[in-house]
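Below, read A as the first sequence line, B as the second, and so on, with proteins coming before strands; counting in each chain starts at 1.
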Protein chains: 2
Amino acid sequence: MSRRDDGARVAATIGELLLRGNRSHLYRVLIADTEGVDETTYPVLSGLARLGTATTSELAARIGFERTVTTRYATRLEHAGLLARRPHPTDSRATALALTDLGERTVRAMRERLQDVFVDAMADWTADESATFTRLFDRLVAGIAAPQTAPSSRPSSP
Amino acid sequence: MSRRDDGARVAATIGELLLRGNRSHLYRVLIADTEGVDETTYPVLSGLARLGTATTSELAARIGFERTVTTRYATRLEHAGLLARRPHPTDSRATALALTDLGERTVRAMRERLQDVFVDAMADWTADESATFTRLFDRLVAGIAAPQTAPSSRPSSP
DNA sequence: TATTGTTATACTCTATAACTATA
DNA sequence: TATAGTTATAGAGTATAACAATA
């Protein structure tokens, strides 16, 4: 097996993983019966969990969504009681977003459910295989990730 | 690092990979300036390349799309000259789908472009790392893949 | 009656523009 | 004038139903 063969195989495997059917399957596991979260709002929930507190713009940049989408999905999560909006302490144009306690608990439960999928799938690997794969997978995804330019919807200027 | 830690890290990495921003980035590389193919029609093109010749239903099952979606996207590819419809030799209800020469050449070029992304990203790995990762990644994705039930749009029956 | 392929409809997501308020 | 947040509008994708033709 040459390096190019490996690259082709990895490309094919990634392609399969990205197929909607498989993506949705993973998201179904993740979502399960969680109220108020779906495939589209989860990144907002998860991203905010990582950031702790953030403005809409910061969160949008973190997860690669537009501000307009982020604010809309944040509203949905707010209605579901998972997210709270507060006035920003120093900039009164901005909004401080944070998860509620329910939101924190929800995202934790969801992550554990997803984690279990992979723990199960890797259960019969050796400890060395598991560690090596995890390390290399991080490296690979970091290496191919999109430049983290958030598509900020320019109001109008040319 | 425990097994559960590895599972959590892999889950997080997969989550990042599935984010729309990164997905679209990969698809942009794949598509480049290819005429008539986009993020939604590519799976049809690629799936048909693997099957050689197939009916609409067979192709739909392979790529996990509905028949209705598959037929619509096949029409787009047909208009772009990448795919041809022929009458099925034995079942005159069915249609035999196949790529045209242009379609074959197109999918080959696209695959090579995607392959290059991964070859580059893995360029500084050892040969052993590359081989091990490739093998395990196949195994992982096979292990978490959705049961390949094509969501066949039941006409009406309860 | 069931299946194949297709088209038609309603619904959701996504992208762009437009608006208000504050820096 | 530029930025933060939001809402409104138009376009694209997706899912469900409905249809004609053949098995």
When the distance from [atom1] of [X] to [atom2] of [N] is rounded to whole Å, what number comes out?
X       : N      : atom1 : atom2 : value
B/Glu39 : D/dA12 : CD    : C1'   : 12 Å
B/Arg23 : C/dT14 : CZ    : P     : 8 Å
B/Tyr27 : C/dT14 : OH    : P     : 15 Å
A/Arg93 : D/dA4  : CZ    : P     : 6 Å
A/Phe65 : D/dG5  : CZ    : P     : 16 Å
B/Glu58 : C/dT4  : CD    : P     : 9 Å
A/Asp38 : D/dA15 : CG    : C1'   : 15 Å
B/Leu83 : C/dG5  : CG    : C1'   : 14 Å

Which residue, B/Arg72 or B/Ala54, contacts DNA chain C at a nucleotide closer to its 5' end, judged by nearest heavy atom?
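The residue mapped nearer the 5' terminus is B/Ala54.
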Next item on the list: Could you please spell out the steps behind the salt bridge (charged side-chain N to carboxylate O under 4.0 Å, His left out) verdict for A/Asp116 and B/Arg4?
Entry: CA-CA 8 Å; A/Asp116 287 344; B/Arg4 281 200 72 74; 3.1 Å; yes
Does [X] place a side-chain N or O at less than 4.0 Å from the phosphate oxygens OP1/OP2 of [N]?
X       : N      : value
B/Tyr73 : D/dA12 : no
A/Ser92 : C/dA23 : yes
A/Thr56 : D/dT6  : yes
B/Arg20 : C/dA15 : yes
B/Arg76 : D/dG13 : yes
A/Ser57 : D/dG5  : yes

Can you identify which nucleotide, out of [options], has its nearest atom closest to the [X] side chain?
X       : options               : answer
A/Thr95 : C/dG5, D/dG5, D/dA21  : D/dG5
A/Glu66 : C/dT4, C/dT22, C/dT16 : C/dT16
B/Ala94 : D/dG13, C/dC13, C/dG5 : C/dG5
A/Thr71 : C/dC13, D/dT7, D/dG13 : D/dT7
A/Thr68 : D/dT16, D/dT6, D/dA21 : D/dT6
A/Arg67 : C/dG5, D/dA21, D/dT6  : D/dT6

(message) What contact category does B/Thr55 fall into here, base, sugar-phosphate, or nothing, at under 4.0 angstrom with non-hydrogen atoms?
(response)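 Since only primed, P, OP1 and OP2 atoms lie under 4.0 Å of B/Thr55, the category is sugar-phosphate.
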(message) One thing to verify: whether A/Glu39 and A/Arg20 come together as a salt bridge, which I'm taking to mean a side-chain N less than 4.0 angstrom from a carboxylate O.
(response)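 So A/Arg20 does not pair with A/Glu39 through a salt bridge.
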Within-4.5 Å side-chain heavy-atom neighbours: [X] and [Y]:
X        : Y        : answer
A/Arg135 : B/Glu129 : yes
B/Met110 : B/Ile31  : yes
B/Leu97  : B/Thr53  : no
B/Arg111 : B/Leu114 : no

